[in-house]
Amino acid sequence: MFQRNADGSPVLKQIEINTISASFGGLASRTPAVHRHVLNVLSKTKEAAKILSNNPSKGLAQGITKAWELYGSANALVLLIAQEKERNIFDQRAIENELLAQNIHVIRRRFEDVSEKGSLDQDRRLFMDGQEVAVVYFRDGYMPSQYSVQNWEARLLLERSCAIKCPDIATQLAGTKKVQQELSRMGVLEMLLPGQPETVARLRATFAGLYSLDMGEEGDQAITEALAAPSQFVLKPQREGGGNNLYGEEMVQALEHLKDSEERASYILMEKIEPEPFGNCLLRPGSPVRVVQCISELGIFGVYVRQGKTLVMNKHVGHLLRTKAIEHADGGVAAGVAVLDNPYPVA
Ligand code: ADP
Ligand code: MG
């Protein structure tokens, strides 16, 4: 999100990093054409030409293709782990279609299907319905409620296999809010990026305040500060998918309830970012089209492929702009709050 520094200069502040099931790469590849079309209908051809091209689905598919090539078996498939009731299937299909264009076939299965029909051979090669799997791409498995005992077993089977996982369990955990908070501690970036003080400084400039709530003095102080100025903080559990963070009075109540219990360590506290609102129309079914005060959130899609300790691919492949009315503190597109948008460069 964009925020203003004390001196008025704009700065991009990081909300979080997602390392599993990052969505809307497919749909974000289609929205530039929608906005260009709308502007062209209004005869605003110059403005239409300014809408940035964007094709994250192609870039995400390139990452999966690279992993598939590294696996090295011409007949092996990509296994997309899908939810039982998937509302976002068209987003996923865009990536599947890019893979199919490379002659890489994708099968969609649920965790339950894996536990019933998945198996490993003696070399830990993964087979699903008798077909060898090169890459497992998770679009499920990022919330505790998605893991029954049976689903945990399926995840363990996938994890133990020599198929390439997008992501493996370590990479998924690296995306947790707790890790994000620990990365912001003084000295941690310096340790991970030795001899690169400029990179460290540029990265740190994007961090908002992040505070551990572990038992002890540091956590006690963070709680005292949040209770003294609730509007400046967000309380975050280790959850994904939107709608889990606590703000304002709800945050105060939760902190009062948690402060003497070890349970508080399963949350982190974050400084609330205050982006500047602007007027925009949110087009959604059943709502009148009118200008309301909005804020936007920019996402960057990254592809990272690693083989053992060798980095094979690490690049950005597109962006996602989501815009929502200012009255919603939390919640993204899937939660029905934000809409897909496009940046409009003015300089
Ligand atoms: P999730 O992983 O569940 O999506 P996030 O940390 O991304 O959780 O938060 C969800 C939404 O809440 C974000 O998209 C953003 O709109 C809002 N949000 C999260 N953290 C902050 C913050 N520190 N300041 C302002 N808004 C925030
Ligand atoms: Mg997230």
Side-chain angles (χ1 to χ4, degrees), residues 1 14-35 54-65 67 78-100 106-111 135-147 151 155 165-168 171-177 180 236 238-245 282-285 296-305 315-324 328 330-343:
M1 282 178 164
Q14 174 182 287
I15 298 278
E16 63 150 356
I17 292 177
N18 287 310
T19 52
I20 182 167
S21 299
S23 60
F24 297 118
L27 298 182
S29 305
R30 310 293 286 269
T31 51
V34 175
H35 278 154
N54 191 30
N55 197 352
S57 54
K58 189 168 185 167
L60 296 173
Q62 275 169 358
I64 295 174
T65 300
V78 172
L79 167 64
L80 187 153
I81 301 295
Q83 296 182 14
E84 170 82 49
K85 290 185 185 144
E86 181 55 71
R87 290 187 306 156
N88 212 9
I89 187 166
F90 297 110
D91 182 53
Q92 300 167 0
R93 287 284 192 219
I95 298 168
E96 290 177 44
N97 292 344
E98 292 283 353
L99 290 166
L100 195 56
V106 181
I107 52 169
R108 303 173 58 89
R109 296 290 186 277
R110 302 164 310 159
F111 277 122
V135 182
V136 183
Y137 175 37
F138 290 96
R139 293 296 293 253
D140 191 11
Y142 49 87
M143 295 201 285
S145 60
Q146 294 164 336
Y147 284 101
N151 290 6
R155 177 74 194 260
K165 273 76 69 177
C166 175
D168 64 6
T171 308
Q172 179 174 351
L173 290 174
T176 56
K177 295 177 170 64
Q180 181 187 1
K236 296 187 166 193
Q238 306 303 313
R239 289 287 178 274
E240 297 297 337
N244 300 300
N245 300 334
L282 305 173
L283 184 63
R284 53 191 352 160
S296 286
E297 211 167 319
L298 181 70
I300 303 294
F301 289 99
V303 168
Y304 172 85
V305 182
K315 61 176 186 176
H316 67 92
V317 295
H319 55 266
L320 168 72
L321 193 76
R322 294 173 301 165
T323 297
K324 64 182 179 184
H328 298 289
D330 202 299
V333 178
V337 168
V339 301
L340 298 174
D341 202 353
N342 281 293

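Note that these values count all heavy atoms, side chains included, but never hydrogens, waters or copies made by symmetry.
For residues 19-28, the set of pairs meeting the salt bridge (Lys or Arg N to Asp or Glu O under 4.0 Å) definition, not counting sequence neighbours, is empty. Sorted by first and then second residue, the salt bridge (Lys or Arg N to Asp or Glu O under 4.0 Å) pairs involving residues 14-24 (not counting sequence neighbours) are E16-K177.
For Y147, the ring pair (Phe, Tyr, Trp, His ring centres under 6.0 Å) partners two or more places apart in sequence, or in a different chain, are F111, W152.
Here CG of L283 is found 12.5 Å from OG1 of T323. Values are rounded to the nearest 0.5 Å. We find the CD-CD1 distance between Q14 and I300 to be 11.5 Å, quoted to the nearest 0.5 Å. Distance check: L99 CG to Q62 CD gives 10.5 Å after rounding to the nearest 0.5 Å. Between the CD1 atom of I107 and the CG atom of L80 there is a distance of 9.5 Å, given to the nearest 0.5 Å. Rounded to the nearest 0.5 Å, atoms CG (D140) and CZ (R109) are 14.5 Å apart. Expressed to the nearest 0.5 Å, how far CZ of R139 lies from CD1 of I81 amounts to 12.5 Å.
The shortest side-chain heavy-atom distance between V106 and Q92 does not fall under the 4.5 Å cut-off. Put simply, the side chain of Y137 reaches to within 4.5 Å of the side chain of I95, judged on heavy atoms. By the 4.5 Å heavy-atom criterion applied to side chains, D341 and S296 are counted as neighbours. Using a 4.5 Å heavy-atom threshold, the side chains of R155 and Q146 count as separate.
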- Pair R108-E86, salt bridge (Lys or Arg N to Asp or Glu O under 4.0 Å): steps then yes or no: CA-CA 11 Å; R108 303 173 58 89; E86 181 55 71; 5.2 Å; no
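Without hydrogens or angle criteria, Q172 side chain to G141 main chain gives a donor-acceptor distance under 3.5 Å. Without hydrogens or angle criteria, N342 side chain to T31 main chain gives a donor-acceptor distance under 3.5 Å. In this structure, the side chain of D91 engages the main chain of L27 through a donor-acceptor pair within 3.5 Å. At distances below 3.5 Å, not a single donor-acceptor pair connects side-chain atoms of T176 with backbone N or O atoms of Q238. A distance-only check finds no donor-acceptor pair linking the side chain of N54 to the backbone of G318 [under 3.5 Å]. Although no hydrogens or angles enter the test, the distance criterion places a donor-acceptor pair under 3.5 Å between the side chain of Q180 and the main chain of I15. Distance alone, capped at 3.5 Å, places no donor-acceptor pair between the S57 side chain and the A94 backbone. Judged purely by atom type and a 3.5 angstrom limit, N55 has no side-chain atom pairing as donor or acceptor with the backbone of S29.
Closest non-hydrogen pair, N88 versus S23, comes out as ND2-CB, 3.6 Å. Between P343 and L321, the shortest heavy-atom distance links the atoms N-CD2, 3.7 Å. Closest non-hydrogen pair, V333 versus V339, comes out as CG2-C, 4.2 Å. Between F301 and P56, the shortest heavy-atom distance links the atoms CD1-CB, 3.5 Å.
In summary, R322 and E297 engage in a salt bridge, as defined by a charged side-chain N under 4.0 Å from a carboxylate O.
Within a 6.0 Å radius of CG in L282, other residues, nucleotides and ligands contribute more than 12 heavy atoms. The number of heavy atoms from other shown groups lying within 6.0 Å of OH (Y304) is above 12.
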